[in-house]
Amino acid sequence: MAESATFRIWRGDTAGGGFQDYTTSVSEGMVVLDAVHQIQAQQAGDLAVRWNCKAGKCGSCSAEVNGNPRLMCMTRLNQLDLSAPVTVEPMRAFPLVRDLVTDVSWNYRAKQGIRPFRARPAGADGTWRMAQVDAERVQEFRKCIECFLCQDVCHVLRDHRMFDDFAGPRHMVYAAALEMNPLDADDRVRDLRARHGIGYCNITKCCTKVCPEGITITDNAIIPLKERVVDRLYDPVTRLLRLLRGGGDV
Amino acid sequence: MPGYDTSEHDVLVIGAGGAGLRAAIEASARGARVGLVCKSLLGKAHTVMAEGGIAAALANVDDRDNWQVHFADTMRGGQYVNNWRMAELHAKEAPDRVRELERWGAVFDRTDDGRILQRNFGGHRYPRLAHVGDRTGLEMIRTLQDHGIHQGIDVHMECTIVRLLKDGGRVTGAFGYERERGRFRVFRAKAIVLATGGIGRAFRITSNSWEYTGDGHTLAYDAGAELMDMEFVQFHPTGMVWPPSVRGILVTEGVRGEGGVLLNSEGRRFMFDDIPENYRSQTADNAEEGWRYTQGDRSARRPPELLTRDHVSRCIMREVRAGRGSPHGGVYLDISWIKSRLPSGAEHIRKKLPSMYHQFKQLADLDITDAPMEVGPTTHYVMGGVRVDGDTQMSSVPGLFAAGECAAGINGANRLGGNSLSDLLVFGKRAGEHAADYAAGRQLGEVPAPEVEESARRALEPFERGTGGEGPYQVQYALQDAMQDLVGIVRNEPEMRRALDVLADLRARAAQVGVGGHREYNPAWHAALDLHNLLTVSEAVTRSAIERQESRGGHFRDDFPEKDPACATFNLVVRRNDDGSMQMSRVPIPRMPDELRRVIEDMK
Ligand SMILES: Cc1cc2nc3c(=O)[nH]c(=O)nc-3n(C[C@H](O)[C@H](O)[C@H](O)COP(=O)(O)OP(=O)(O)OC[C@H]3O[C@@H](n4cnc5c(N)ncnc54)[C@H](O)[C@@H]3O)c2cc1C
Ligand code: SF4
Ligand code: SF4
Ligand code: FES
């Protein structure tokens with residue numbers, strides 16, 4: 001491994017900014033977040049970055065590394081080409097706060113708009129029974145660490161800025177976890193279409209590709225939800241999809 | 001408060017991990033107007049990192065379990081200097097708190113008959129930890145968060161409290177700054193709950209995040225409250241040791257619960273070599289029996305890898321010092337061997353320990369289903385904290401409550417794995433309840449303007465010195481080195497005296513640090529403000545550790561390597577003298593009621 005590498009880090013705030021190059025020493029096992037911290041400690045004390053766990057568990061350190069949405073703490077330097085500067089920039093779908101930090105508060109508001117879990121009545125002994133297979137289906141979605149990288153790449157949000165109309169893939173995963181929870185007694189199908197904009201998703205699967213938790217967002221969460229919507233309401237994309245798959249009974 | 005953005009609440013909760021969220025939910029359910037402040041974004045607190053599980057005697061897997069066994073296990077683990085009332089309430093109430101999480105949407109792993117599954121963990125006699133693979137903390141914090149956001153709680157994210165405000169003897173508010181803009185904020189409240197977590201960042205090798213700078217401990221101490229048991233710091237036996245950049249990151253005890261074994265460089269299972277007397281009757285003396293235990297054989301005793309954390313950490317240190325360690329200064333933890341016992345072993349490991357599998361694959365290029373991991377002790381948890389009343393969680397300062405890792409009592413000299421997550425729920429709820437009750441009959445108190453002004457002025461001093469002053473990170477690193485090397489896993493008086501000198505020196509340096517740039521989201525500035533907290537808790541740990549002239553639980557001294565029965569009768573308490581110096585006292589442990597005594601005797 002090279003002894004030093006150059007990081008082209010975006011510096012600035014809402015008033016403007018640009019990339020700045022920092023060269024720092026690198027050693028075995030380092031991740032991008034280590035390099036950022038080293039630069040912070042040695043060269044740029046006020047370089048703003050969010051992080052907590054440094055182990056891929058909290059979803060704080062999301063950024064775009066060489067243009068790819070990644071967790072900085074899980075991106076090893078030996079996976080990158082260090083012969084050229086490594087660019088590190090904030091998530092571009094969200095408003096900038098400073099340097100690598102963005103304002104992700106919209107995500108919290110969007111989630112609040114989704115009907116929360118409501119437990120069905122418990123059994124006679126005051127507890128609930130659930131089969132492990134049913135638990136596992138929901139647990140895939142509950143692995144989400146709210147890094148919002150999927151929101152960052154979804155073109156409906158990133159390019160079309162439809163934040164008022166579409167809750168985004170993260171919240172489709174959230175809704176799926178609730179809808180598929182065998183203990184839940186509420187119903188979000190109508191809301192998914194009318195309020196959370198599930199119809200805007202055209203199944204490009206970009207979200208699934210970037211999810212650091214490996215959640216099959218599109219196939220396991222969004223498509224089944226779309227099918228539920230179609231079964232009850234009407235949604236053109238799923239209809240087409242079903243036709244293509246040879247289903248047809250829409 | 002003129003000139004400052006001011007909010008008013010009945011109950012202000014500082015910290016949004018498991019304890020803070022549970023407290024906020026409870027206070028709000030009791031009709032209080034609740035504010036919740038946290039340094040990070042909601043859902044990112046340390047609780048999210050918890051892996052193995054949450055301890056509660058649900059008796060779903062082994063029907064011999066009940067609150068009495070859990071109580072006795074907790075007291076034995078804590079070497080009998082726990083607050084027994086807290087240990088009792090915790091054991092009795094944890095099952096209801098876990099079921100409540102399920103009612104709020106948590107999805108735990110299941111038994112064959114569809115109930116909440118429980119797993120083995122160190123120091124727990126029966127399988128007791130409700131879990132979700134190895135990401136239990138995420139499940140817990142997300143459940144509380146998703147429930148809490150619909151309870152009308154005002155959440156102030158990325159806001160750091162630097163001082164509590166008092167009027168007369170009573171706490172009336174808090175002063176802090178917002179990360180994003182660097183603006184100061186004043187919170188007025190009738191009652192305050194501290195739920196700020198631990199102090200792990202005072203050490204170089206730690207599983208803890210940047211948030212763990214002992215803020216709540218210091219806020220309480222500065223406000224005149226007492227800190228107790230500060231000598232008891234838990235060093236978890238299994239942190240990653242290689243590569244250097246991940247040193248300290250936790251490897252869950254769940255690996256050993258699933259059958260993982262510890263080996264030295266000679267391939268020997270060294271944990272069989274030293275089994276403490278008081279655990280001998282419960283511990284397997286051969287590999288076969290240990291394996292059967294991990295596979296749920298009720299007649300088998302637990303393998304020595306699942307002895308308490310303090311003991312396992314010291315055994316690992318012993319092997320390393322004797323030159324039988326792994327290449328990077330740890331020992332081996334092998335789970336891959338179970339493939340020889342289970343036909344689908346690799347698949348089983350990936351399913352039971354998914355985040356460990358990924359953590360090693362991604363960060364160390366190692367497939368744990370194929371090869372052993374290298375592990376060594378890492379600073380993990382602080383048993384010491386704000387001294388509180390066991391029933392109400394109120395500190396000695398009226399209106400000031402504390403819950404979770406920043407409170408002392410439940411764990412005594414050593415915490416059992418899984419007892420933290422349950423502690424957060426049981427005592428988070430209690431703190432929220434009693435804080436709301438305390439607030440109910442009262443008016444908002446005055447927040448003293450001169451103190452606010454002084455706090456603001458002091459907070460801005462590092463900017464005045466600018467980058468001409470020493471940077472805060474250098475002081476922080478020096479402090480971490482001193483604590484790691486001089487007040488770490490193995491302690492003695494001369495080294496700890498040296499640590500006190502170093503700390504005094506670092507306090508002088510901390511008063512001179514400077515930072516550049518602006519107030520908006522400026523990490524160097526935040527690091528500068530954290531130094532006071534790190535120095536305060538480090539001094540409390542060191543002074544308490546000097547005072548306790550014996551070895552017990554997480555506190556081990558090579559100049560007093562034995563447990564001293566005379567030291568089992570008191571807890572050490574520190575408080576701030578008017579001149580700013582630290583006052584130490586021994587507080588006798590109240591006599592345990594006969595009924596609880598009998599429980600402990602029966603379980604021996
Ligand atoms: C890797 C790891 C694995 C673990 N696994 C387990 C396990 O399996 N089982 C178990 O029982 N325990 C486990 N633990 C321990 C347990 O996770 C913690 O003890 C527990 O989560 C602490 O919870 P808390 O609510 O007290 O604090 P935290 O969850 O740490 O929350 C602290 C909160 O306080 C806020 N805060 C701090 N200072 C300030 C300030 N000055 N102003 C405003 N806000 C502030 C923070 O932002 C945060 O929101 C583990 C710990 C680690 C590190
Ligand atoms: S699949 Fe749907 S949600 Fe995912 S990125 Fe594409 S449009 Fe967005
Ligand atoms: S679904 Fe995946 S990418 Fe999206 S927020 Fe959750 S963890 Fe991140
Ligand atoms: S710091 Fe927690 S995911 Fe990167």
Asks: How about residues 38-49 of chain A versus chain B: which residues have heavy atoms under 4.5 Å apart?
Replies: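 The list, in residue order, reads A:Q40, A:A41, A:G45, A:D46, A:L47, A:A48, A:V49.
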Asks: Between A:W106 (side chain only) and A:F163 (backbone N and O only), is there a donor and an acceptor less than 3.5 Å apart?
Replies: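 Confirmed, A:W106 side chain pairs with A:F163 backbone.
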Asks: Answer with side chain, backbone, both or neither: which region of A:R118 has an atom nearer than 4.5 Å to a non-hydrogen atom of chain B?
Replies: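 For A:R118, there is no contact with chain B at all, as no heavy atom is under 4.5 Å.
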Asks: What residue, out of A:Q112, A:E146, A:E213, has the most heavy-atom pairs lying under 4.5 Å from chain B?
Replies: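 Heavy-atom pair counts peak at A:E146.
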Asks: Could you go through B:T206 and B:T378, starting from their C-alpha distance and side-chain angles, then the distance that decides it, and tell me whether this counts as side chain to side chain donor-acceptor pair (under 3.5 Å)?
Replies: CA-CA 5 Å; B:T206 177; B:T378 179; 5.1 Å; no
Asks: Check whether A:A135 gets within reach of chain B through its side chain, its backbone, both or neither, counting any heavy atom under 4.5 Å.
Replies: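 Both parts, heavy atoms under 4.5 Å.
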Asks: Is there a donor-acceptor contact under 3.5 Å linking the side chains of A:D34 and B:S245?
Replies: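 Short answer, yes.
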Asks: Flag the pair A:R92 and A:E89 as a salt bridge only when some basic side-chain nitrogen lies within less than 4.0 angstrom of an acidic carboxylate oxygen.
Replies: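 A salt bridge links A:R92 with A:E89.
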Asks: Could you tell me whether A:R8 sits above the aromatic face of A:F19, with NZ or CZ closer than 6.0 angstrom to the six-membered ring centre and within 45 degrees of the axis?
Replies: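 The answer is no; the distance or angle limit is not met.
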Asks: Shorter than 4.5 Å, heavy atoms on both sides: which option in A:K143, A:M130, A:K111 has the most such pairs with chain B?
Replies: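 Of A:K143, A:M130, A:K111, A:M130 has the most heavy-atom pairs under 4.5 Å with chain B.
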Asks: Can the positive tip of B:K44 be found less than 6.0 Å from the middle of the six-membered ring of A:Y108, inside 45° of the ring normal?
Replies: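 No, a cation-pi geometry is absent between B:K44 and A:Y108.
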Asks: Strictly by salt bridge (Lys or Arg N to Asp or Glu O under 4.0 Å), give each pair with a member in residues 468-481 of chain B just once, sequence neighbours left out.
Replies: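 Matches after skipping sequence neighbours: B:R204-B:D481, B:E470-B:R509.
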Asks: Which one, A:V101, A:N181, A:D184, leads in non-hydrogen pairs under 4.5 Å with chain B?
Replies: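 Among A:V101, A:N181, A:D184, the one with the most close pairs to chain B is A:V101.
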Asks: For the candidates A:A55, A:G214, A:C73, A:C144, which exhibits the highest count of non-hydrogen atom pairs separated by less than 4.5 Å from chain B?
Replies: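 The candidate making the most pairs under 4.5 Å is A:C144.
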Asks: Looking at A:G126, A:P116, A:A119, which has the largest count of heavy-atom pairs under 4.5 Å with chain B?
Replies: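 Top count of heavy-atom pairs under 4.5 Å with chain B: A:P116.
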Asks: Determine the option with the most heavy-atom pairs under 4.5 angstrom with chain B, choosing from A:I145, A:L178, A:T127, A:V138.
Replies: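 Max contact count across the listed options: A:I145.
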Asks: Counting only heavy atoms closer than 4.5 Å, note whether A:R98 contacts chain B via side chain, backbone, both or neither.
Replies: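 Contact with chain B: side chain only.
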